[in-house]
Structures are given as structure tokens and as C-alpha cells.
Amino acid sequence: MAPVEPKLILLFSGKRKSGKDYVTDLILKRLGSENCCILRLSGPLKQQYAQEHGLDYSELLAASGYKETHRAAMIAWGEQRRRQDPGFFCRFATRGAQQPVWIVSDARRCSDLLWFQTEYPSQTRCVRVQASEETRGDRGWRFTAALKTYAPSPKQHLSAGIDDAESECGLDGEEFDWIITNEADAPALDKQLENILLLASHHNS
Ligand SMILES: Nc1ncnc2c1ncn2[C@@H]1O[C@H](COP(=O)(O)OP(=O)(O)O)[C@@H](O)[C@H]1O
Ligand SMILES: C[C@@](O)(CCOP(=O)(O)OP(=O)(O)O)CC(=O)O
């Protein structure tokens, strides 16, 4: 299928359990799947990682203990891949997308933003989803700090952290076009998403 030039790309980021999937699913419902699609950078990452390590791809996609067991190693492996080719997972995830509005639900690193901003400078917008640690905890999040994994040479030591590492904190200092607060006592999500939905509906086919 011929690649289609997107009219709008919404790059979502946020900490684990901030509600990125929940918010992006809501946008998909509002815009309709003929107008927009959700793309996940972690999809191709998990696929390739499963292939190279003899793991079950569908189990890595599920919100399961299996994924959590492999998360730190997948992060380290994904970072190595990105160092060789920063656009590797972005290109893979966007391949074949046909709708005019693309929602990337899991941008995590500056290199992810940079790739889209370079490839699609006029279409790319960044959205942050935030929630308090208390709310994220109520949704099942538990802080997981760095564990040093020692390799034969000091150069190869991996810091396999999760919540205190780039996978979760890489975009902490970034500027965003919109910040969505996904908390029970925040304004309703539909209200907070009004401007994004309006912009997206101008770009529908
Ligand atoms: N506004 C909300 N109302 C109700 N449940 C929510 C809301 N936001 C998130 N959740 C729930 O919290 C959990 C974590 O949200 P999710 O979107 O998977 O987070 P993330 O993708 O950022 O890790 C999911 O079970 C989701 O259904
Ligand atoms: C190795 C990862 O891609 C795993 C991501 O898995 P999900 O996208 O399922 O993430 P959560 O919503 O945080 O559970 C993280 C990375 O640093 O690339």
C-alpha cells in the first residue's frame, strides 16, 4: 500500500498509568477509525524483541506480569537499537498508516519527538498526559528504580531502571502543545480535549 502523508500527528507522552491509552482511545472514539489511527512505538519494539529472544509477542502486548518481567531488558535493548538508528521504531510504527490523523500513544524519548518533528515538521504536535503519583498508584503503578546489571566490562554495565530512567523521564523537561490532566478532580476529559479534537476534525478526510 502506498504511504499516505498524514495531515496531523499527535505525539502523546506521559508516565506509566497516567492514562495515555485511555485518553488516546477516547480521541479515537470521538474522531472515528476512518479519520484517525493509534500507532504505538512499543509495538515494533516488542515484535522485534520477541523475535530475537524467542519470546511470545502477544504476551508482551498484554498488560501482564510477562511484560513487566521483560520490561527492563526490552528498554535496554530498545535504547541500543535507537542509538544505531533513532528512527527505527518510528518508521516501523508508521508504515502503512492510511488515516489523515495519526495518534502516537507512547512517545518516550527526545529522539522520538525529533524524528517526527524532522520528518513531518508542519504536522507534528506534542501532548502530555499527566496524573499524580497517588492516582497512578490507584491504577496499579508501583515505583521501580534502577538496578545495576553488571557485565564483564564496566563499559557494558546496564542501568536497567524503569521509573527513574529515560524510558519514563526522557521527556520530563520538554515543552508540549497541550497538557492533559487525567485525574478524577480535573476538568472533564472531553472539555480538556476540545481544542485537540477541533484541530483534528479540520484535518479529517
Ligand atoms: N480517566 C480515567 N477514568 C477511568 N479509568 C482510567 C482513566 N484513565 C486511566 N484509567 C485506567 O487506568 C489504567 C491505566 O491507564 P492507561 O491508559 O493504560 O495508562 P498508560 O497507557 O499511561 O500506562 C487503565 O486500566 C485505564 O483504564
Ligand atoms: C520497552 C518499552 O517499549 C515497553 C513499553 O510497553 P508499553 O507500551 O506496553 O508500556 P506501558 O503503557 O508503560 O506499560 C518501553 C521503552 O522504553 O521503549
Side-chain angles (χ1 to χ4, degrees), residues 10-30 38-53 55-93 103-113 115 127-147 158-172 176 179-193:
L10 298 168
L11 285 184
F12 277 79
S13 66
K15 309 277 184 187
R16 289 203 283 159
K17 307 288 182 191
S18 58
K20 299 177 295 297
D21 285 326
Y22 189 91
V23 171
T24 51
D25 282 346
L26 182 63
I27 297 179
L28 176 64
K29 270 191 215 138
R30 297 291 180 264
I38 294 181
L39 308 173
R40 290 194 174 84
L41 304 181
S42 59
L45 191 158
K46 290 173 182 175
Q47 194 181 17
Q48 292 280 311
Y49 187 81
Q51 229 169 49
E52 287 186 22
H53 295 82
L55 296 172
D56 184 337
Y57 171 50
S58 58
E59 271 292 305
L60 289 179
L61 287 179
S64 65
Y66 189 81
K67 171 174 83 176
E68 297 309 328
T69 305
H70 294 285
R71 185 187 288 266
M74 279 196 294
I75 290 175
W77 177 89
E79 285 175 358
Q80 210 168 15
R81 263 293 157 91
R82 281 170 160 113
R83 273 194 292 275
Q84 292 159 357
D85 176 2
F88 183 78
F89 300 116
C90 301
R91 274 198 310 277
F92 216 123
I103 299 175
V104 177
S105 69
D106 60 349
R108 293 171 182 274
R109 296 174 169 78
C110 294
S111 66
D112 299 333
L113 300 195
W115 186 83
V127 190
R128 185 69 160 182
V129 180
Q130 63 180 23
S132 65
E133 290 198 352
E134 193 187 347
T135 298
R136 292 169 60 217
D138 291 343
R139 294 175 186 153
W141 171 74
R142 296 291 172 270
F143 185 86
T144 310
L147 288 172
L158 295 175
S159 176
I162 293 176
D163 292 299
D164 54 354
E166 193 189 358
S167 172
E168 288 294 302
C169 306
L171 300 179
D172 281 0
F176 300 98
I179 296 178
I180 306 299
T181 303
N182 182 26
E183 295 274 358
D185 59 4
L189 283 177
D190 271 307
K191 183 80 198 147
Q192 294 189 64
L193 294 172

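Quick note: numbers below take in every heavy atom, side chains included, and nothing from hydrogens, waters or symmetry partners. The chain is numbered in sequence order, starting from 1. One-based numbering, in listed order, for ligands and for the atoms of each.
The side chain to side chain donor-acceptor pair (under 3.5 Å) test applied to Asp56 returns Ser58, not counting sequence neighbours.
In terms of modelled atom types and a separation under 3.5 Å, the side chain of Arg139 and the main chain of Ser18 share a donor-acceptor contact. Between the Gln192 side chain and the Thr181 main chain, a donor and an acceptor come within less than 3.5 Å of each other. Judged purely by atom type and a 3.5 angstrom limit, Ser64 uses its side chain to pair as donor or acceptor with the backbone of Glu59.
Tested against Lys15 for a salt bridge (charged side-chain N to carboxylate O under 4.0 Å, His left out), the candidates Asp163, Asp172, Asp164 yield a single pass: Asp172. Screening His70, Glu52, His53 against Trp77 for a side chain to side chain donor-acceptor pair (under 3.5 Å) leaves a single residue, Glu52.
In this structure, atom 12 (O) of ligand 1 lies nearest to the protein heavy atom Arg139 CD, 3.1 Å. For atom 7 (P) of ligand 2, the nearest protein heavy atom (residue, atom name, distance) is Lys46 NZ, 3.5 Å. Atom 1 (N) of ligand 1 has its closest protein heavy atom at Asn182 OD1, 2.8 Å. Scanning all protein heavy atoms for the shortest distance to atom 14 (C) of ligand 1 gives Lys17 CD, 3.7 Å. Annotation: atom 17 (O) of ligand 2 to nearest protein heavy atom, Ser167 OG, 2.7 Å.
Residue-ligand proximity: Gly14 is placed with every non-hydrogen atom at 4.0 Å or more from ligand 1.
Ligand-side atoms of ligand 1 in range of Gly19: 15 (O), 16 (P), 17 (O), 19 (O), 20 (P), 22 (O), range being under 4.0 angstrom from any heavy atom. Listed by number with element, the atoms of ligand 2 under 4.0 angstrom from any heavy atom of Arg82 are 18 (O). Proximity to Lys15 (heavy-atom distance under 4.0 Å) selects the following atoms of ligand 1: 22 (O). Of all atoms in ligand 2, listed by their number and element, those nearer than 4.0 Å to a heavy atom of Arg16 are 13 (O). Using a 4.0 Å cut-off to heavy atoms of Ile75, the atoms of ligand 2 that qualify are 1 (C), 15 (C), 16 (C), 17 (O).
Salt-bridge formation is detected for the pair Glu79/Arg109: a Lys NZ or Arg NE/NH1/NH2 atom is positioned less than 4.0 Å from an Asp or Glu carboxylate oxygen. Using a 4.0 Å cut-off between charged side-chain N and carboxylate O, Glu168 and Arg108 make a salt bridge. Ion pair Glu68/Arg142 not flagged as a salt bridge, since none of the NZ, NE, NH1 or NH2 atoms sits closer than 4.0 Å to an Asp/Glu carboxylate oxygen.
Counting only non-hydrogen atoms, the option in Ser18, Gly14, Ala72, Ser42 that gets closest to atom 8 (O) of ligand 2 is Ser42. When the options Leu45, Asp106, Asp21 are ranked by their closest heavy atom to atom 18 (O) of ligand 2, first place goes to Leu45. For atom 5 (C) of ligand 2, the nearest non-hydrogen atom from the set Arg109, His70, Arg108, Lys67 comes from Arg108. Across the listed options Phe12, Trp141, Tyr22, Tyr22 owns the non-hydrogen atom lying nearest to atom 27 (O) of ligand 1. Looking at Met74, Arg71, Glu68, Glu79, it is Arg71 that brings a heavy atom closest to atom 11 (P) of ligand 2.
Where the criterion is an N or O separation shorter than 3.5 Å, residue side chain and backbone included, Glu168 fails it with respect to ligand 2.
In Val129, neither the side chain nor the backbone holds a heavy atom less than 4.0 Å from any atom of ligand 1.
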May I have the list of side-chain donor-acceptor pairs in residues 41-51 shorter than 3.5 Å, sequence neighbours left out?
| from | atom 1 | to | atom 2 | distance (Å) |
| --- | --- | --- | --- | --- |
| Ser42 | OG | Asp106 | OD2 | 2.8 |
| Lys46 | NZ | Leu60 | O | 3.2 |

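Under the 4.0 angstrom criterion, atom 8 (N) of ligand 1 counts as having a protein heavy-atom contact.
Atom-to-atom distance recorded for Phe89:CZ and Ser111:OG is 10.0 Å, nearest 0.5 angstrom. For the atom pair Arg16 CZ and Phe143 CZ, the distance stands at 9.5 Å (nearest 0.5 Å).
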